[in-house]
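Since the structure comes first, as structure tokens, the remarks are kept for the end.
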Amino acid sequence: MAENSPLVARKRDYWFDNIKGVLMILVVIGHMTASFYTSSAFMKYVYDLINAMHMGAFLILSGYLSKRRVDSNDVVSVINKNVIPYITSQFFLYFAAVIIPDGLKAANVSYFSKSDFSLFVPIYQLWYLMALIILTLLTMKLKPSRKPVLFMVGAIMLTLLCGCFQQVNVLKLTKIISYYPFFLLGYLLPEDFMHTIRNKWQVLLGAVPVLIGYAFFMTRQDWIVGIRKIYFLSSTYEKVGDIAFGLHPVFGRLFMVLFVPVIAFAFFAVIPRKKCIFTKLGRNSMSIFVLHGVVAVVLRCLNYEYKIFSYFNTPVLKLLFLLGCVTVAFVLGTDFVKKLFRPVLEPDFDITRVIGILYDKYRGNQKKADNI
């Protein structure tokens, strides 16, 4: 989510920044409320409400904003703006998790140890950066704009097929491929479609009841049983078992693939178009994205030791906790924090410049050898 990543429009657009900013707040709340999942019905509802749609929405937006990069086969940009930040962020989160007591456990990377590290197993939320890398390069190679319907159907079928296999930790490959229909949909969307979402008051009018209906739908435990095991697209059908109404979980995956874009577009439609309080969060999304993981790990470790989450046991305190999550997002999204961590999270790196320097050095050494 670097400033020039696929999540940023080719020309700065407040609407896209605002969408990213609000989504980053939802990401922070989603990760922070995970520890309440079994102890609070309200927090469980908030967690489900956010996590059922926010990553799909992010990937749709990512795909849409990657058009120019994909169509021009700009692999260099992928390396500079995604691969390098992924590598530096992976090291950063790993060392943070090692330093914090029980940090590896809290970061859901128990398959790592203090002496066992791999760049090919994304830590915690960094699977998303790996997803941007893989899905962008995959789309460059496939060139799906030639036969969009065929590729879209193929991506959905691949998602359904991935549910038959155990999640692969290496590159989180099965999970990432399962999310491909969202990225591909965003990439294939015509600009006129997003223009309509942004500017037509009729769309805004229709988006409100869609979001209200979604909020109501997620309150029905009898309807969403099994859905919460599906919306991360990482559990096998065997682990999920039958979902609502006795349906096979393959229909749950299909439902998510078809249902999430509707919610995402309704969500996009209600986001402010002009510069507002969320704009800076969207522009500084990389620092929020990586650093909130450290905050979440610290809180989980404190909970292991002191059961701090048990103190948030009244409606008022739970609301205060959610407000605290929003505050964390705004603090991590400040220009000060961005500048402080930018050398680590968004290093100024140009692979072509580095290759040029190395080549010039090689040529210089060759000339010296020839003169000897």
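At a cut-off of 3.5 Å, with distance as the only test, no side-chain donor of Ser35 or Asn303 sits close to an acceptor on the other residue. Asn51 and Tyr37 share no donor-acceptor pair across their side chains, judged by distance under 3.5 Å alone. Looking only at atom types and distance, the side chain of Thr139 has a donor-acceptor partner in the side chain of Tyr180 under 3.5 Å away. In the model, Ser287 has no side-chain atom that pairs as donor or acceptor with a side-chain atom of Arg342 under 3.5 Å.
With hydrogens and angles ignored, the 3.5 Å screen pairs no side-chain donor or acceptor of Thr136 with any backbone N or O of Ile133. Judged by distance alone, the side chain of Ser285 and the main-chain N or O of Leu281 form no donor-acceptor pair under 3.5 Å. A donor-acceptor contact shorter than 3.5 Å is absent between the side chain of Gln90 and the backbone of Leu126. Although no hydrogens or angles enter the test, the distance criterion places a donor-acceptor pair under 3.5 Å between the side chain of Thr159 and the main chain of Ala155. Not a single donor-acceptor pair under 3.5 Å links the side chain of Lys175 to the backbone N or O of Ala131. Using a distance-only test at 3.5 Å, with no hydrogens or angles considered, a donor-acceptor pair links the side chain of Arg146 to the main chain of Leu142. In this structure, Lys67 contributes its side chain and Tyr187 its backbone to a donor-acceptor pair below 3.5 Å. A distance-only check finds no donor-acceptor pair linking the side chain of Ser235 to the backbone of Ile230 [under 3.5 Å]. For Thr33 (side chain) and Ile29 (main-chain N/O), a donor-acceptor pair under 3.5 Å exists by modelled atom type. A donor-acceptor pair under 3.5 Å is absent between the side-chain atoms of Arg68 and the main chain of Ser66, judged by distance alone.
Side-chain contact between Leu317 and Asn313: present, with at least one pair of heavy atoms (C-beta onward) separated by less than 4.5 Å. With a 4.5 Å cut-off on side-chain heavy atoms, Phe58 and Met24 count as touching. Between Asn199 and Trp15, every side-chain heavy-atom pair lies at or beyond the 4.5 Å cut-off. Contact annotation: the side chain of Tyr64 never approaches that of Ile60 to less than 4.5 Å [non-hydrogen atoms, C-beta and beyond]. Inter-residue side-chain proximity for Thr236 and Phe165 is flagged as unmet; no heavy-atom pair is nearer than 4.5 Å. Tyr128 is listed as a side-chain neighbour of Leu59, based on a closest heavy-atom distance under 4.5 Å. The closest side-chain heavy-atom distance from Met32 to Leu299 is below 4.5 Å. Using a 4.5 Å heavy-atom cutoff, the side chains of Ile87 and Phe92 are not in contact.
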**Prompt:** Can Asp13 and Lys275 be said to form a salt bridge (charged side-chain N to carboxylate O under 4.0 Å, His left out), step by step?
**Reply:** CA-CA 9 Å; Asp13 188 306; Lys275 187 175 183 180; over 6 Å; no

Practice prompt. Assess whether ring-ring contact (aromatic ring centres under 6.0 Å, His included) is satisfied between Phe267 and Tyr214, documenting all intermediate values.
Written response: CA-CA 11 Å; Phe267 171 79; Tyr214 169 64; over 10 Å; no

| query | Which is it for Leu93 and Gln125 under the side chain to side chain contact (heavy atoms under 4.5 Å, CB included) test, yes or no, and what are the steps along the way? | reply | CA-CA 10 Å; Leu93 281 186; Gln125 74 272 26; 4.0 Å; yes

Assess the residue pair Arg283 and Asp17 against the criterion (salt bridge (charged side-chain N to carboxylate O under 4.0 Å, His left out)); give the C-alpha distance rounded to whole Å, side-chain angles, the decisive distance to 0.1 Å, and a yes or no. CA-CA 6 Å; Arg283 291 187 175 186; Asp17 281 331; 3.4 Å; yes

Problem set entry | Steps toward side-chain hydrogen bond (donor to acceptor under 3.5 Å, both in side chains) verdict (Asn18, Thr279) | CA-CA 5 Å; Asn18 294 338; Thr279 307; 2.6 Å; yes

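Ring planes of His292 and Tyr124: tilted class, angle from 30 to 60°.
Phe321 has its ring centre no less than 6.0 Å from the ring centre of Tyr311. A ring-centre distance under 6.0 Å is found for Phe36 and Phe309. Side-chain rings of Tyr86 and Trp127 stay apart, their centers remaining 6.0 Å or farther from each other.
Atom CG of residue Leu129 and atom OG1 of residue Thr88 lie 9.0 Å apart, to the nearest 0.5 angstrom.
In terms of hydrophobic clustering, with Ile, Leu, Val, Met, Phe, Trp and Tyr side chains grouped at heavy-atom distances under 4.5 Å, Leu205 and Leu211 are assigned to different clusters. Linking ILVMFWY side-chain heavy atoms closer than 4.5 Å, directly or via other members, places Val331 and Val328 in two distinct hydrophobic clusters. Hydrophobic clustering, with ILVMFWY side chains joined whenever heavy atoms are under 4.5 angstrom apart, keeps Ile99 apart from Leu291.
Under the salt bridge (Lys or Arg N to Asp or Glu O under 4.0 Å) criterion, Asp335 pairs with Lys280, sequence neighbours left out. Looking at residues two or more places apart in sequence or on another chain, you find a ring-ring contact (aromatic ring centres under 6.0 Å, His included) between Phe91 and Phe117. Residues passing the side chain to side chain contact (heavy atoms under 4.5 Å, CB included) test with Ala57 are Leu23, Met53, Ala264, Phe268, sequence neighbours excluded.
Heavy-atom contacts from other residues, nucleotides or ligands closer than 6.0 Å to CZ of Phe349 number more than 12. Heavy-atom contacts from other residues, nucleotides or ligands closer than 6.0 Å to CD of Glu238 number 12 or fewer. Atom CD1 of Ile277 sits in a sparse spot, with 12 or fewer heavy atoms from other residues, nucleotides or ligands closer than 6.0 Å.
For the pair Arg198 and Phe16, the cation-pi test (distance below 6.0 Å, angle within 45°) is passed.
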